[in-house]
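This is the structure I have questions about; it appears just below.
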Protein chains: 2
Amino acid sequence: MSRKTPSAKSERILDVAEELFALRGYDGVTLRQIANGAGVDVALASYHFGKKIDLFNAVFQRRAVELNESRLSALRACQDSSGKAGPSVEQIIEAFLRPLEIAQETGDKGWTNYLALIAYINNSPYWGKRMMSKLFDKLVLEFIDALRKALPDARDEDLFWCYHNLSGALTLTLAQTGRIDTLSGGSCRSSDFRAAYDHMIPFTAAGFRQVCGGQ
Amino acid sequence: MSRKTPSAKSERILDVAEELFALRGYDGVTLRQIANGAGVDVALASYHFGKKIDLFNAVFQRRAVELNESRLSALRACQDSSGKAGPSVEQIIEAFLRPLEIAQETGDKGWTNYLALIAYINNSPYWGKRMMSKLFDKLVLEFIDALRKALPDARDEDLFWCYHNLSGALTLTLAQTGRIDTLSGGSCRSSDFRAAYDHMIPFTAAGFRQVCGGQ
DNA sequence: CAGCATATTCAACAAGCGTTGAATTATCAA
DNA sequence: TTGATAATTCAACGCTTGTTGAATATGCTG
């Protein structure tokens with residue numbers, strides 16, 4: 001059992017923890033629920049990950065690097081293909097969002113749970129600030145830089161508030177609360193990330209232009 | 001002690017519960033923390049409100065009627081003053097958001113906590129659907145009706161997805177995570193609801209027009 | 001004042017919590 | 001096969017949890 005190939009049971013613990021933390025939050029899940037879902041003894045989670053909070057952090061970090069890389073390479077791709085003028089607002093937002101959709105389309109339920117966990121953390125006054133910044137600020141600031149170039153007349157403050165709006169729309173989407181299903185009488189589905197982004201991209205791009213002074 | 005005038009201690013329990021639930025979520029708060037914060041015995045919360053979940057519901061419902069009334073009257077006001085053409089998209093969104101700002105400007109910290117609690121619930125896959133619908137769907141559908149009239153070419157599906165984006169931006173604002181403070185290096189502040197809405201209104205109005213086919 | 005209902009505290013419960021040390025099983029190199 | 005190391009389970013701990021029934025305090029009514 002090498003260090004680089006974690007045991008199957010340790011991965012199952014992460015998978016179940018991911019799903020339950022995303023649904024009920026950190027305090028709403030017990031180690032026994034996780035162990036039970038993973039079909040292992042309760043002590044095994046502590047053996048592999050330490051304290052409960054360490055398991056929480058392990059779940060949060062597990063997919064972060066891969067996620068950041070896929071979004072960053074989407075940004076680089078649209079920057080490379082857009083020549084000297086640089087990518088448009090739509091292209092940048094597309095690069096920001098579409099990788100999240102791909103993650104879902106692989107059929108890997110784990111990614112969906114992970115994104116819901118990010119939504120939980122990002123929207124939490126208690127966890128949000130301290131946990132999101134460390135792993136995601138670098139990437140986010142890179143996207144904001146790109147947007148600044150696409151919107152040369154923008155004031156920085158406006159740019160950040162616009163990003164805040166985008167981030168909020170995205171967060172509620174990732175949370176998959178099912179609220180829009182009820183509200184729309186079934187014509188929209190929370191699980192349909194593609195439809196969400198198909199609307200979110202032109203919506204937020206128009207918002208950026210309106211507030212940040214594109215023509 | 002009449003039924004209509006709840007005791008001061010019972011109100012303090014609600015106030016503290018509101019604050020702690022908003023910060024840590026339902027499972028992250030114990031009845032002893034609430035009782036301690038309110039300066040009363042643990043058993044008093046059970047005496048007044050029953051089970052923990054009933055206290056949670058009591059907190060959630062306490063300010064809902066007043067909030068709905070203030071937003072609805074803001075909508076009616078802009079409908080009355082806009083003549084036969086009906087209010088613009090901006091006016092409708094303004095009526096949707098500004099009452100939340102007023103609630104904060106009274107200096108009543110309780111309202112800020114309550115709005116953060118709504119953000120927690122609305123973004124939760126576990127609580128969101130079941131709790132938000134009962135209290136807020138009627139009002140939300142009224143606003144969407146108004147938007148439909150202001151955007152006569154809109155497809156219903158597009159309208160709901162646009163509302164979803166607005167709701168997400170609002171939810172993250174109400175949560176007050178402080179993330180934008182860090183991200184912007186201090187030039188934006190989570191606590192500044194007015195600045196948030198000053199940006200959110202033109203941002204989302206432009207999004208609605210873009211997606212829902214205004215000229 | 002007495003009487004009574006309400007409000008509040010006190011004391012305790014059974015259940016479940018995270019955590020840990022020791023015992024057991026699995027894995028793999030020698 | 002043997003021995004060593006990692007993985008896993010077992011069993012238990014001290015503590016906290018939500019809840020409840022009884023005891024006490026409070027405030028109103030007559």
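The chains referred to below are lettered A, B, ... by the order of the sequence lines, with proteins before strands, and numbering in each begins at 1. Only heavy atoms go into these numbers, but all of them, side chains included; no hydrogens, no water, no symmetry mates.
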Proximity to the side chain of K52(A) - top-ranked nucleotide from dC10(D), dG18(C), dC10(C): dG18(C)
For A22(B) and L117(B), which heavy atoms make the closest approach, and how far apart are they? CB-N, 3.6 Å
Below the 4.0 Å mark, does dA7(C) have OP1 or OP2 next to a side-chain nitrogen or oxygen of Y47(B)? yes
In whole angstroms, the gap separating P of dT16(D) from CD1 of I34(B) amounts to 17 Å
How close or far is atom C1' of dT8(C) from atom CD of E11(B), stated in whole angstroms? 17 Å
Checking all strands, does S46(A) fall into the base, sugar-phosphate, or nothing category for heavy-atom contacts under 4.0 angstrom? base
Between dT8(D), dT19(C), dT9(C), spot the one nearest the side chain of A43(B), thanks. dT9(C)
Is V40(B) touching bases, backbone alone, or none of the nucleic acid, heavy atoms closer than 4.0 Å? sugar-phosphate
Do R32(A) side-chain and dG18(C) base share a donor-acceptor contact under 3.5 Å? yes
Nearest-angstrom distance from the residue atom CZ of F49(A) to P of dG18(C): 15 Å
Which angle, to the nearest 10 degrees, lies between the helix axes at the two ends of the helix from dG3(C)-dC28(D) to dA30(C)-dT1(D), each defined by five pairs? 10°
For N36(B), which residues count as a side chain to side chain donor-acceptor pair (under 3.5 Å) partner, sequence neighbours excluded? none
Are T171(A) and N123(A) close enough that a side-chain donor and a side-chain acceptor fall under 3.5 Å? no
Short side-chain N/O contact to dT8(C) OP1/OP2 from H48(B), under 4.0 Å: yes
Considering only heavy side-chain atoms of L44(A), the closest of dT9(C), dT17(D), dT8(D) is dT8(D)
Over 12 non-hydrogen atoms of neighbours within 6.0 angstrom of CZ in R189(A): no
Kindly say if K51(B) contacts the phosphate of dT20(D), meaning a side-chain N or O under 4.0 Å from OP1 or OP2. yes
With a 6.0 Å cut-off on the ring centroids, do F208(B) and F203(A) count as close? yes
Centroid separation under 6.0 Å, is that true for the rings of F56(A) and W127(A)? yes
Can you measure I53(B) atom CD1 to dT17(D) atom P for me and round it to whole angstrom units? 17 Å
Within this structure, what is the CG-to-P distance between L55(A) and dC17(C), rounded to whole angstrom? 15 Å
Check: Y26(A) ring centroid to Y126(A) ring centroid under 6.0 Å: no
Go through dG18(C), dT9(D), dC10(C) for me and flag the one nearest to the L31(A) side chain. dG18(C)
note: D41(B), atom CG; dA7(C), atom C1'; distance rounded to Å ~ 12 Å
Rounded to whole Å, CG of N36(B) lies from P of dC10(C) at a distance of 13 Å
Pair H199(B), D158(A): side-chain N/O donor-acceptor within cut-off below 3.5 Å: yes
Expressed in angstrom and rounded to an integer, what is the separation of D27(B) atom CG from dG16(C) atom C1'? 13 Å
